[in-house]
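Below is one structure, written out as structure tokens; comments come after it.
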There are 4 protein chains.
Amino acid sequence: MPRPRRSAVLTAFRTSALLDAARRVFGKSGFEAATIAEIAREAGVAKGTVYLYYRSKRSIYWAALREGIAELDARTRKRVRRAATLHDAIREFILTKVEYFDERRDFFRIYVQELSGQAVRPQFGHADFKPLYQRQLRGLQTAVTAAIDRGEIRRVDASRAAGAIVDLTRGVVSRRLMRRRRARAAAEVDAVVDLIWRGLASKGSLKR
Amino acid sequence: MPRPRRSAVLTAFRTSALLDAARRVFGKSGFEAATIAEIAREAGVAKGTVYLYYRSKRSIYWAALREGIAELDARTRKRVRRAATLHDAIREFILTKVEYFDERRDFFRIYVQELSGQAVRPQFGHADFKPLYQRQLRGLQTAVTAAIDRGEIRRVDASRAAGAIVDLTRGVVSRRLMRRRRARAAAEVDAVVDLIWRGLASKGSLKR
Amino acid sequence: MPRPRRSAVLTAFRTSALLDAARRVFGKSGFEAATIAEIAREAGVAKGTVYLYYRSKRSIYWAALREGIAELDARTRKRVRRAATLHDAIREFILTKVEYFDERRDFFRIYVQELSGQAVRPQFGHADFKPLYQRQLRGLQTAVTAAIDRGEIRRVDASRAAGAIVDLTRGVVSRRLMRRRRARAAAEVDAVVDLIWRGLASKGSLKR
Amino acid sequence: MPRPRRSAVLTAFRTSALLDAARRVFGKSGFEAATIAEIAREAGVAKGTVYLYYRSKRSIYWAALREGIAELDARTRKRVRRAATLHDAIREFILTKVEYFDERRDFFRIYVQELSGQAVRPQFGHADFKPLYQRQLRGLQTAVTAAIDRGEIRRVDASRAAGAIVDLTRGVVSRRLMRRRRARAAAEVDAVVDLIWRGLASKGSLKR
DNA sequence: CATGAATGAGTTTTCATTCAT
DNA sequence: AATGAATGAAAACTCATTCAT
């Protein structure tokens, strides 16, 4: 295996600096209001240089988004995989995201806006984005189905359950980031996990 | 004091046509990408006419948003007020929104983007918007607290419960609108109400 | 002689109100920044009405300018005519203008800007304007020539002398209007008349 | 700290071309009627390029004005400083301006309009402009005062005398530029200097 | 590879002027 | 005659993208 040519190292270096900068700038201003000039300045390069690595403003935006999602996805999968029960899997799922976005607030701004955009204008999103996002849903769905089969929880629509977990996760993260002082992550996560867990696991019919 | 405009009717007519057009255009493209020219064309008037009724692009955007939210809020309050139990209140809450946004997909796009924006950049957004949105949360919170006092549900953090209801509602609506063919609203709503209800009402500790 | 038809009265009334308003508004903002809407509002009529009396923004501007100049010209001629000597004629000339513009500051703004414009872009001014303005110069020139013939003053270039009188007049008025508190007109005028008079009347050669 | 622009030469070149163009265009049309597009065309660059060097239409206007005034001021001071007597100082003062504006007619248009604007709406105008202009007046005033002290001229109000010199200068320049064929500068200047000099220097009382 | 000057399409907003009522 | 709603041309300014150095 040839060691990377100088240019590969350089490329990796620039790419990383540019994506960092992009995340900050898009996170601060949103896609439209962000400018290539600002990203370049933030990354410490000239404007033209951005175009040596990315074809367009959109494309650096997608790249930043994709990288963040991929990283988040990787972390999530790693931690969820270790969970022995669905309960723990859900807890790890939510906790991973809460912790990740606590670290990367800027990225959350991009992520959530894009997610809303997706929800709302499916035709627009980048082809790469939806699958990455859907994989999460499918992962949860599979876990839920397995738990049903194991008798851990009652028979629920696995797809809807997965959706609900995702929705509640987003809600927790959103509200955390809106507050100036953030509560301990574990406490907040446990509360929402408790809610969803009762929702999934309680059997029989409840008095309304 | 200027005598009244020749025709309040005309103003109402134009205003309404412009807000309709604004909703469609902002819904399709988002705030930044939308153009006044397109809104004008869509409303069947000349560009300058828009400025006879609204001072700026932002202001017609807010007007469209405000009108939609006010209408949604009114409908929601009316139906929730009639509900005898928290269970029914939650059901009506969600159902009202599902039905409203089924009718007004365009508006959902604006609404959800703005909501995400709020979550993410609270300093932006119009002053009018947050209160209108927070009122919802407080309404739910009050209902939850009352239900706890009546012993309908277990002791939960009312604020978190309200947040969860809002999050799940948004999720349901989002996913409905993403699908080409929409399921019956009632079925979908019942499923999510069931989930949240069990989450709130199930007492004792559950095996994990 | 038929008495004026109603419409003639009305026309006179409107015209006068419009010119007053125009003077104020053009005086306050200059030609470009002034708007027909503001003139109409100031005159207490609707925008469209302005166009019943004047064909265009330029034309109401010219009308306001012309009226002011004509009035100023009339006053000046009347007072200058009475003067027995050139010295008095000059004094009356300057005094009339100082007094007139003390009364009508707004008009001075229009007048002086237009005069500068004329000086600078002769091709632009309205055809009516230059003659009105030149008549002043010729009047002074004639008076100077007569004074030379009478031996009141030394032989000077009458045209240049007339120009100098006009220039100094403008300067006095300008500086008066720039100051918050205005000195007595007579004192200021006498000072400048003294200067110009010595300039014109002193004979022989002076040590330099 | 950004390293110096690649080429200060380029900046100087563009700046100069743009100011030249600005002078021509503002001179032709006045501030309001001039357009950035026309300035750009005149300078042989694209519209956007203007904004690389100046932040706004106003700012290129001020820059053109300031440059012209500064140059004129420098020339004037240099030549006036050399004059041994007030008579010569006045002559040099007027002559410098006549010659300068003979070269730069376009600039005169801007200059005189701005001066009128100042006279008439002091609150507008750029902060830099008034001092630059007032310095002239003060310079003349000082020279007049000194001449009085030396007994060169009679006791006159120095401030008024300075004003008169400025007014007459403007008049001479104006009238020169209005004519198609211009007389020799010296002849015209001498005539007006003679006038003002007699005005200032003639002692005793003159028959009126 | 990197730069940053140049470009010009595209957007918001204003306002003189028209014309149906 | 009067109105004022509607029009759309025009202008300042921004910024993604290109390309000569």
Side-chain angles (χ1 to χ4, degrees), chain A residues 6-7 10-11 14 32-41 44-61, chain B residues 2-7 10-11 13-14 32-40 43-60, chain C residues 6-7 10-11 14 32-41 44-61, chain D residues 2-3 5-7 10-11 13-14 32-41 43-60:
Chain A
R6 173 151 47 151
S7 66
L10 182 54
T11 295
R14 285 272 189 254
E32 311 277 356
T35 69
I36 291 286
E38 193 181 359
I39 293 171
R41 198 183 326 122
V45 300
K47 227 177 345 153
T49 304
V50 177
Y51 285 86
L52 296 176
Y53 295 89
Y54 297 95
R55 314 159 48 87
S56 68
K57 187 182 176 184
R58 274 236 102 84
S59 103
I60 190 170
Y61 174 79
Chain B
R3 67 188 108 162
R5 255 200 251 295
R6 188 84 69 95
S7 158
L10 177 57
T11 294
F13 175 71
R14 285 275 184 249
E32 312 274 0
T35 71
I36 290 286
E38 193 181 359
I39 293 172
V45 299
K47 224 172 350 134
T49 303
V50 177
Y51 286 88
L52 294 180
Y53 295 89
Y54 298 95
R55 310 153 59 93
S56 67
K57 186 181 174 184
R58 274 235 99 85
S59 102
I60 190 170
Chain C
R6 172 150 48 150
S7 66
L10 182 54
T11 294
R14 285 274 187 251
E32 311 276 357
T35 69
I36 291 286
E38 193 180 0
I39 293 171
R41 198 181 327 122
V45 300
K47 228 179 340 154
T49 304
V50 177
Y51 285 85
L52 295 177
Y53 295 89
Y54 297 95
R55 314 159 47 86
S56 66
K57 187 181 175 183
R58 273 236 102 86
S59 102
I60 190 170
Y61 174 79
Chain D
R3 67 187 109 162
R5 256 199 251 294
R6 189 83 69 95
S7 158
L10 177 57
T11 295
F13 174 72
R14 285 274 186 250
E32 312 275 0
T35 72
I36 290 287
E38 193 180 1
I39 293 172
R41 197 182 328 121
V45 300
K47 219 171 358 129
T49 303
V50 178
Y51 287 89
L52 294 180
Y53 295 88
Y54 298 94
R55 311 152 58 92
S56 66
K57 186 182 176 184
R58 276 234 100 86
S59 101
I60 191 171

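All figures in this text were calculated on a predicted structure; none of them were measured in a lab. Each chain gets a letter, A, B and so on, in the order the sequences are listed, and its residues count up from 1. Computation of the quantities below employed the complete heavy-atom set of this structure, encompassing side-chain atoms and omitting hydrogens, waters and symmetry-equivalent molecules.
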Look for any protein N or O under 3.5 Å of an N or O in nucleotides 9-11 of chain F and output each such pair with its distance, or none.
residue: F/dA10; atom: N6; partner: B/K47; partner atom: NZ; Å: 3.1

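- As a whole-Å value, the separation of D/Y51 OH from E/dA5 C1' is 17 Å.
- Here the side chain of A/T11 is nearest to one of F/dT7, E/dC1, E/dA6, namely E/dC1.
- When heavy atoms are screened at a 4.0 angstrom cut-off, A/R14 is found touching the sugar-phosphate backbone but no base atom.
- As a whole-Å value, the separation of C/R55 CZ from E/dT18 P is 9 Å.
- Shown here are the side chain to side chain contact (heavy atoms under 4.5 Å, CB included) partners of C/A33, two or more places apart in sequence or in another chain: C/S29.
- Partners of D/Y51 by side chain to side chain donor-acceptor pair (under 3.5 Å), not counting sequence neighbours: none found.
- Note: CG (C/L52) to P (F/dA2) measures 6 Å, nearest angstrom.
- Mapping B/A46 and D/S56 onto DNA chain F via the closest heavy atom, the residue that lands nearer the 5' end is B/A46.
- Partners of A/A46 by side chain to side chain contact (heavy atoms under 4.5 Å, CB included), not counting sequence neighbours, listed by chain and number: A/T49.
- At whole-Å resolution of the value, CD1 in D/I39 and P in F/dC13 are 11 Å apart.
- Look at the C1' atom in both F/dT21 and E/dC1: the space between them is 13 Å, to the nearest Å.
- Taking atom OH of residue A/Y61 and atom C1' of nucleotide F/dA16, one finds them 17 Å apart after rounding to whole Å.
- Every side chain to side chain contact (heavy atoms under 4.5 Å, CB included) that D/Y54 has, sequence neighbours left out, goes to D/T15, D/L18, D/L19, D/S59, D/I60, D/A63.
- Taking CD of B/E32 as the start and NZ of B/K57 as the end, the distance is 6.0 Å to the nearest 0.5 Å.
- Following rounding to the nearest Å, A/R58 (CZ) and F/dC15 (C1') show an atom-to-atom distance of 15 Å.
- To the nearest 0.5 Å, atom OG1 of residue C/T35 and atom CZ of residue C/R41 are 6.5 Å apart.
- The interatomic distance linking A/E38 (CD) with F/dT14 (P) rounds to 15 Å, in whole Å.
- Across all strands, C/Y53 comes closer than 4.0 Å only to sugar-phosphate atoms, never to a base (heavy-atom distances).
- Rounding to whole angstrom units, CD1 of residue A/I60 and P of F/dT17 are separated by 11 Å.
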For DNA chain F, the expected dot-bracket line (Watson-Crick or G-U under 3.5 Å, [ ] crossing, | inter-strand) is .||||||||||||||||||||

